[in-house]
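Remarks on the structure that follows.
Heads up: numbering here begins at 1 and tracks the sequence. Owing to the predicted nature of the structure, the values given are computational and were not obtained by experimental measurement.
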Amino acid sequence: MVLFTLILGGFIGAVIGWRYGLARRNDAIARARAGMVREILYWKDAADRANAEAARVIREAETWAAGAQQGREDVISIMPLLMAAQEKSKGGLGTAADDSNCG
């Protein structure tokens, strides 16, 4: 009878241990899945932020390029006026310097 009780107790202990192990395994799997979901959501948010930043940089580059083109056009349009002013100032200074050296 003692042997039967020991075998039965061992069997019951094995079943309880097996069930406890299954419960721990299921909890571990559930935690791992929850962690994976959190990580997926984190990287999706990071990708959205990166896409928004890339779009902002593209808009900024386009704005800068348009401003640079406008600046080039402004310089090209004002260049004849700058050259005329420079020629006028060279002519005026040269005449004043020549008059002072003659005297």
Residues at least two apart in sequence or cross-chain that pass side-chain contact (heavy atoms from CB on, under 4.5 Å) with R24, listed by chain then number, are Y20
Starting at CZ of R31, measure out to CG of N26 and round the result to the nearest 0.5 Å.
10.5 Å
Shortest non-hydrogen separation from P80 to S77 and the atoms involved:
CD-O, 3.6 Å
Kindly check if the number of other-residue, nucleotide or ligand heavy atoms within 6.0 Å of CD (Q69) is above 12?
yes
Gap between atom CE of M1 and atom CG of L8 - 0.5 Å precision
9.0 Å
Taking atom CZ of F11 and atom CD1 of I16, what is their separation to the nearest 0.5 Å?
10.5 Å
Take a 6.0 Å sphere around CZ of R56 and say whether it holds more than 12 heavy atoms from other residues, nucleotides or ligands.
yes
Quick check for you: to the nearest 0.5 Å, what is the distance between E53 atom CD and I58 atom CD1?
10.5 Å
Nearest-0.5 Å distance, CD1 of residue I29 to CG of residue L22:
9.5 Å
Less than 4.5 Å apart, side chain to side chain, heavy atoms only: is that true for L3 and I7?
yes
Does M83 share a hydrophobic cluster with L81, counting links as ILVMFWY side-chain heavy atoms below 4.5 Å and allowing steps through other members?
yes
For K90, which of E87, K88, Q86 qualifies under side-chain contact (heavy atoms from CB on, under 4.5 Å)?
Q86
